[in-house]
Amino acid sequence: VKEAFTAWEMHHNEFMRLADSLGQLGVGNPDRLKESIQKFQKDHIQIDLHIIDLINGGKPFEGAEDHELCDFGKWRATNQFESPALQAILAATDEPHRVFHDAVKRIKIAMKTDDIADASKIESAEMRDAVEASCAQFAKLDELAGQAQGIVRAMAKADGALEQLETLMDGSIQQRVSQSVENASLAKSVSIIATIAGVLVGGGLAFFLTVSITRPLRSGVTFANGLA
């Protein structure tokens, strides 16, 4: 039990350390965050491809002109995080993300007047850098979510080890209690048997002494009566 408790204490301390690390990251649900960030990254790359198709082939598409109305912009406005690292990444994302969508809007305006040269200039000089900068910050968010996922997996492993050790310790304790009860029952039985044996031996000894004493007396009385 002592060895099991030592192991349990070690895993418990590790679990608490991991929980503290997860709290410091402050990402909330890491699976949900990672899924959202990967979607935001794909959305903006897709918009960039749509812009290239618009400039090169005149293929129009709707939306993506307001940075506050895209899925990331809506998510950004409704989610608050206490993590300094997460706040820093989001803050670094805000400006290139705004520039990206503003460039999309201006390219669309240029293409409405068939000003392909201006549209191409905005795409190459502004939008391309903005989408790369935005996606670089998305990648940092994705990496942070991945770190949190790793911590959660490690916590699950530590928790599983704790459960196994608790089961082992419970079984060992129950076994010792059962053994103690059995030992106590055996001791009680031995005591009872010893008591009974004592009574029997004592009774037999008393009977023996009584017979040993009374038999000579009776013989003497019989002899005296014969003389009379």
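Counting begins at 1 with the first residue of the sequence.
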Give me the atom names and distance for the closest heavy-atom approach of [X] to [Y].
X	Y	answer
Ala91	Arg76	N-NH2, 4.0 Å
Pro60	Leu54	CA-CD1, 3.9 Å
Ala130	Pro96	CB-O, 3.4 Å
Ile107	Ala119	CG1-O, 3.7 Å

Group every Ile, Leu, Val, Met, Phe, Trp and Tyr by side-chain heavy-atom contacts under 4.5 Å, then state whether [X] and [Y] land in the same group.
X	Y	answer
Phe72	Val131	no
Phe81	Ile89	yes
Ile47	Val99	no
Ile45	Met127	no
Ile109	Phe61	no

**Item:** Partner of Asp142 under side-chain hydrogen bond (donor to acceptor under 3.5 Å, both in side chains), chosen from Lys34, Gln137, Gln41
**Value:**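 Per the side-chain hydrogen bond (donor to acceptor under 3.5 Å, both in side chains) rule, the option paired with Asp142 is Lys34, out of Lys34, Gln137, Gln41.
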
**Asked** Do His101 side-chain atoms and Ala64 backbone N/O form a donor-acceptor pair below 3.5 Å?
**Response**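 Yes; at least one donor-acceptor contact below 3.5 Å.
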
Kindly compute the distance separating [atom1] ([X]) from [atom2] ([Y]), expressed to the nearest 0.5 Å.
X	Y	atom1	atom2	answer
Met111	Arg106	CE	CZ	15.0 Å
Lys59	Ile51	NZ	CD1	13.0 Å
Ile122	Arg128	CD1	CZ	13.0 Å
Phe40	Ser134	CZ	OG	12.5 Å
Ile55	Asp118	CD1	CG	9.5 Å
Leu86	Asn79	CG	CG	9.5 Å

**Request:** Please lay out, stage by stage, how Asp102 and His67 fare under the test side-chain contact (heavy atoms from CB on, under 4.5 Å).
**Result:** CA-CA 8 Å; Asp102 182 65; His67 69 284; over 6 Å; no

**Message:** Less than 4.5 Å apart, side chain to side chain, heavy atoms only: is that true for Cys70 and Asp43?
**Reply:**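 Cys70 vs Asp43: side chains apart.
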
**Asked** Would the His44 and Phe100 ring centres measure less than 6.0 Å apart?
**Response**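 So the answer is yes for these two rings.
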
**Asked** Between Phe138 and Trp75, does the ring centroid distance fall short of 6.0 Å?
**Response**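 Judged by ring-centre distance (under 6.0 Å), Phe138 and Trp75 do not meet the cut-off.
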
**Request:** Before accepting this row, confirm whether a basic side-chain N of the pair Glu143/Lys140 lies closer than 4.0 Å to the acidic partner's carboxylate O.
**Result:**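 Salt bridge absent between Glu143 and Lys140.
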
**Asked** Could you walk me through whether Lys105 and Asp66 pass the salt bridge (charged side-chain N to carboxylate O under 4.0 Å, His left out) check?
**Response** CA-CA 8 Å; Lys105 180 179 179 180; Asp66 190 334; over 6 Å; no

**Request:** Evaluate the criterion salt bridge (charged side-chain N to carboxylate O under 4.0 Å, His left out) for residue pair Arg98 and Glu95; output intermediate values, then yes/no.
**Result:** CA-CA 5 Å; Arg98 184 197 65 78; Glu95 183 58 17; 2.7 Å; yes

**Message:** If we check salt bridge (charged side-chain N to carboxylate O under 4.0 Å, His left out) with Lys108, which of these qualifies: Glu65, Glu123, Glu62?
**Reply:**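 Of all the options given, the one that passes is Glu65.
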
**Message:** Looking at Glu132, I want to see if its CD is surrounded by more than 12 non-hydrogen atoms of other residues, nucleotides or ligands under 6.0 Å.
**Reply:**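 Yes, CD of Glu132 has more than 12 neighbouring heavy atoms, counting only those of other groups under 6.0 Å.
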
